[in-house]
Amino acid sequence: MRSLLPFLYLFSVWTKGARAADPTLPFMEYLDQNHLVCLKWGFDNPQGNITFKLVVNTTGWVGFGFSPNGGMKGSDMVIGGVGPSGIYFTDGYATGNSKPLVDEQQSYTLLSMTESDGQTIMTFWRSIQSCDRQDFHITDKPIKLIYAYGITDEIAYHGDRTGTKEVNLLNYKPRTTSTKLNYLNATVDNITIPQSRTYYHCKVMQFPNLKTKHHIYQIEPVIENDDMVHHMLLHRCPTFVTKPYDKPCFMGDMGDACFGVVAAWGVGAGAYDLPENVGIPVGGEDTFYRLEIHYNNQNSKADRTDSSGMKLHYTAQLRQHDAGILTTGMLPLEHIHYHIPPKATQFHTYGVCNTTLFSQLLNPVPELQVFAMILHTHLAGRKVRVGHYRNGEQIDFLGLDENFNFEFQQVISLGNIKTIKQSDEIAVECTYSTTNRTNVTMMGLATTDEMCLAFLFYYPAIKINTCVSHPNTSMSKDKNDIAAQESLLKTLPQIQYISDDNRNSSFNLYGTVREMMKTPTDTCENKNAASRRSTSWIMNPAGIMLLLLWIAMM
């Protein structure tokens, strides 16, 4: 017995620390802005098991799951809690915006469920490669996680106690948060939003306190009217922009030349933390910046004011790499003729970027390391794919969203770095559905118009900020047949355009849309769950206790 005591003491110390730090669940994300819903997770290998711990500030039911597009329909969810009759836990799937149905095969295993100090803590595991058709297949790509919870154990409508966050579970990159609270306020001040459906407001401003270069490490949205603010972009201005203003965008002002994206936010997104080795440069020689806010006033409400924008958390301790944001996709100019026909189930558009053009504005051109992106379309968008080509052949997808949702346009962390070499090509493909429209859809700024863009977050930052294209539609006429129209727009020569931070630009009239490979399909190896579980390094306290007892008796 005496030989056992040291082991029990060490076990006691270890378990107290584990409850605080969860060393077996090394990854953590808050799924909501108010830090009321915390998710921790860990896994043994990408073909094995994954364990989750969901901590929610409620004493009611809690739900967590995976969604194809950020909504309830098609989602794979678990719901559990501690009720008057004890613990309950169910694996379900949703066929619509309603309570999930019970899954025929219960693929999730509950490890523990506790309720104390106003919190419900649910810990469970499942196979990463589930072969159940009602389960979501977890891959090394970013996944839309959804949550909901109630204030009682009656599983009913959750109201606003729900949300979505896109996370790369298997390629997660932990981040460190600075304890300093220095931030720049890039916000508008009590502006009046017109009754029109679409309104763009621009504010050109200075950040006079930053006389030397600093690094932005977190982009935090400040949203006053979440039913209207659709997206926000902070642009770096060329040196010839020297005066501030605060007014509608694109009125022929000098600030219209500010197009180097410094920070971006899309509807449905929360704060974004950059990887710990990169920061977005701000200050120093860069003096003026333009905040652009797109308001989607879909109900044409009057007399609404707004003070939205972004908090840019920064540090004087420069990180290893300067980060940049490269705008790719289709050139979104309203006056260029481009029609998406009505009644189309799937209509594809393309924008290309050939990096050989970079050498016309920059020499030498470094390899660009892409670590995150924002994919952007409007209401008709259904899919966005970003192809990566080398020597004329596609080698990868930089980004994929096969279930694009207009209401969830977040920064997507790729997990694995994707390297763009000089002379590589990028193609952004957007798929639209216009089955409910009777008129053609234009490419333009309005919410009812369309865009097709991918904002690539990369390092090291270069001065080139835009690489987009548009088919030479002066050589075409609209076709009556939808397939013929799509084919024509794809085969026309692409007018390619690049520009840098000082509005130096270059054109090429002979860009090509190359064939894009099919999206890789998920494969599933149907192995015995119990045998997989036995290989996991995630052990519960009971298992550790038995192990220690066995060691002590040796």
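Just so you know, these numbers come straight off a predicted model, no measurement behind them.
- To the nearest 0.5 angstrom, S433 atom OG is 11.5 Å from L379 atom CG.
- Side-chain N or O atoms of N354 include one that pairs as donor or acceptor with a backbone N or O of T356 at under 3.5 Å.
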Apply side chain to side chain donor-acceptor pair (under 3.5 Å) to the pair T519 and E402, showing each step before the final yes or no. CA-CA 9 Å; T519 301; E402 294 278 344; 2.3 Å; yes
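- Residues F259 and T466 come closest through the heavy atom pair O-OG1, 4.2 Å.
- Counting only heavy atoms from C-beta outward, the side chains of F288 and F207 never approach each other to under 4.5 Å.
- Closest approach of L291 and A186 over heavy atoms only: CD2-O, 3.4 Å.
- Within the 4.5 Å cutoff, side-chain heavy atoms of I280 are placed close to those of I219.
- Under the ring-ring contact (aromatic ring centres under 6.0 Å, His included) test applied with H294, the options F250, Y200, W265 reduce to a single match, Y200.
- Residues V513 and Q494 are in side-chain contact: their nearest non-hydrogen atoms beyond the backbone lie under 4.5 Å apart.
- N465 contributes a side-chain N or O that, together with a main-chain N or O of D500, makes up a donor-acceptor pair within less than 3.5 Å.
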Run the numbers on K247 and D253 for side chain to side chain contact (heavy atoms under 4.5 Å, CB included), then give the verdict. CA-CA 10 Å; K247 58 190 296 188; D253 298 287; 3.1 Å; yes
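- The existence of a salt bridge linking D322 and K213 is confirmed by a sub-4.0 Å separation between a basic side-chain nitrogen and an acidic carboxylate oxygen.
- Taking the six-membered ring for Trp and the full ring otherwise, Y497 and F507 have centroids separated by under 6.0 Å.
- Between the CD1 atom in I498 and the CG atom in N508 there is a gap of 9.5 Å [rounded to 0.5 Å].
- In I151, the CD1 atom is not crowded: 12 or fewer heavy atoms of neighbouring residues, nucleotides or ligands sit closer than 6.0 Å.
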Go through it in stages, so that I can follow the logic: the residues are T447 and T198, the test is side chain to side chain donor-acceptor pair (under 3.5 Å), and I'd like the CA-CA distance, side-chain angles, deciding distance and then a yes or no. CA-CA 6 Å; T447 308; T198 298; 3.2 Å; yes
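- Contact record, Y289 with R236: CD2-CA, 3.9 Å, taken as the closest heavy-atom pair.
- At least one donor-acceptor pair under 3.5 Å links the side chain of T355 to the backbone N or O of S423.
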Does K144 form a side chain to side chain contact (heavy atoms under 4.5 Å, CB included) with Q410? I'd like the steps, not just the answer. CA-CA 10 Å; K144 292 181 175 67; Q410 307 177 9; over 6 Å; no
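- The side-chain heavy atoms of K73 and S75, taken from C-beta on, include no pair separated by under 4.5 Å.
- Proximity of the aromatic rings of H230 and F406 is defined here by a centroid distance below 6.0 angstrom, and this criterion is met.
- Using a 4.5 Å cut-off on side-chain heavy atoms (C-beta onward), T431 and F404 make no contact.
- Side chain of D424 to backbone of I420: no donor-acceptor contact under 3.5 angstrom is found.
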If you apply the rule side chain to side chain contact (heavy atoms under 4.5 Å, CB included), what do you find for Q218 with L274, and how did you get there? CA-CA 6 Å; Q218 184 190 72; L274 278 85; over 6 Å; no
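- No more than 12 heavy atoms of other residues, nucleotides or ligands lie within 6.0 Å of OH in Y183, so this atom counts as exposed by the packing criterion.
- Side-chain contact check for I121 versus L54: every heavy-atom pair is 4.5 Å or farther apart.
- Between K418 and D396 there is a salt bridge, since at least one side-chain N of the basic residue sits less than 4.0 Å from a carboxylate O of the acidic one.
- Y338 and H470 have their aromatic ring centers within a separation under 6.0 angstrom.
- Inspection of the H313 and E220 side chains reveals an N or O donor paired with an N or O acceptor under 3.5 Å.
- A427 approaches Y389 most closely through the heavy-atom pair CB-CE1, 3.7 Å.
- With R290 contributing its side chain and C258 its backbone, the two residues share a donor-acceptor pair below 3.5 Å.
- For E29 and K165, the salt-bridge test passes: some basic side-chain N is under 4.0 Å from an acidic carboxylate O.
- Not one N or O on the side chain of S359 forms a donor-acceptor pair closer than 3.5 Å with the backbone of N363.
- Judged by distance alone, the side chains of T419 and Q369 do bring a donor and an acceptor atom under 3.5 Å apart.
- Without hydrogens or angle criteria, D401 side chain to V384 main chain gives no donor-acceptor distance under 3.5 Å.
- Between the side chains of Y217 and D273, not a single donor N or O lies within less than 3.5 Å of an accepting N or O.
- Every residue two or more places apart in sequence or in another chain that forms a ring-ring contact (aromatic ring centres under 6.0 Å, His included) with F64 is listed here: F52, F66.
- Remark: side-chain polar atoms of T58 are paired, donor with acceptor, to backbone N or O of G150 under 3.5 angstrom.
- For the pair L375 and V386, the tightest heavy-atom approach, listed with the atom from each and the gap, is CD2-CG2, 3.7 Å.
- For the residue pair H376 and Q409, a side-chain donor N or O sits within less than 3.5 Å of a side-chain acceptor on the partner.
- With hydrogens and angles left out, the side-chain atoms of H201 and Y199 include a donor and acceptor closer than 3.5 Å.
- Within the 3.5 Å criterion, the main-chain N or O of L169 finds a donor-acceptor partner in the side chain of W41.
- Taking both residues in full, the closest heavy atoms of H158 and A148 are given as CD2-CB, 3.7 Å, listed atom of the first, atom of the second, then distance.
- Within 6.0 Å of atom CG in D117, 12 or fewer heavy atoms from other residues, nucleotides or ligands are found, so the atom counts as exposed in its surroundings.
- For the atom pair CD1 (I146) and CE (M77), the distance works out to 4.5 Å, reported to the nearest 0.5 Å.
- Looking only at side-chain heavy atoms (C-beta outward), T305 and I191 stay at 4.5 Å or farther from each other.
- When only modelled atom types and interatomic distance are considered, T192 and R304 share no side-chain donor-acceptor pair under 3.5 Å.
- At most 12 heavy atoms of other shown residues, nucleotides or ligands fall within 6.0 angstrom of atom CG in D303.
- From I193, atom CD1 reaches atom CG of D306 across 4.5 Å, with rounding to the nearest 0.5 Å.
- A distance-only check finds no donor-acceptor pair linking the side chain of S506 to the backbone of Q360 [under 3.5 Å].
- Within the model, atoms CE of M451 and CG of L331 stand 10.5 Å from one another, a figure rounded to the nearest 0.5 Å.
- Residues E450 and M442 have side chains not in contact (no heavy-atom distance under 4.5 Å, counting atoms from C-beta outward).
- By the neighbour-count criterion of 12 heavy atoms within 6.0 Å, atom CE of M254 is sparsely surrounded, having that number or fewer from other residues, nucleotides or ligands.
- Ion pairing between K301 and D227 holds under the 4.0 Å rule for side-chain N and carboxylate O.
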With side chain to side chain contact (heavy atoms under 4.5 Å, CB included) as the criterion, how do C430 and F347 come out once you've worked through the C-alpha distance, each side chain's angles and the decisive distance to 0.1 Å? CA-CA 8 Å; C430 293; F347 191 89; over 6 Å; no
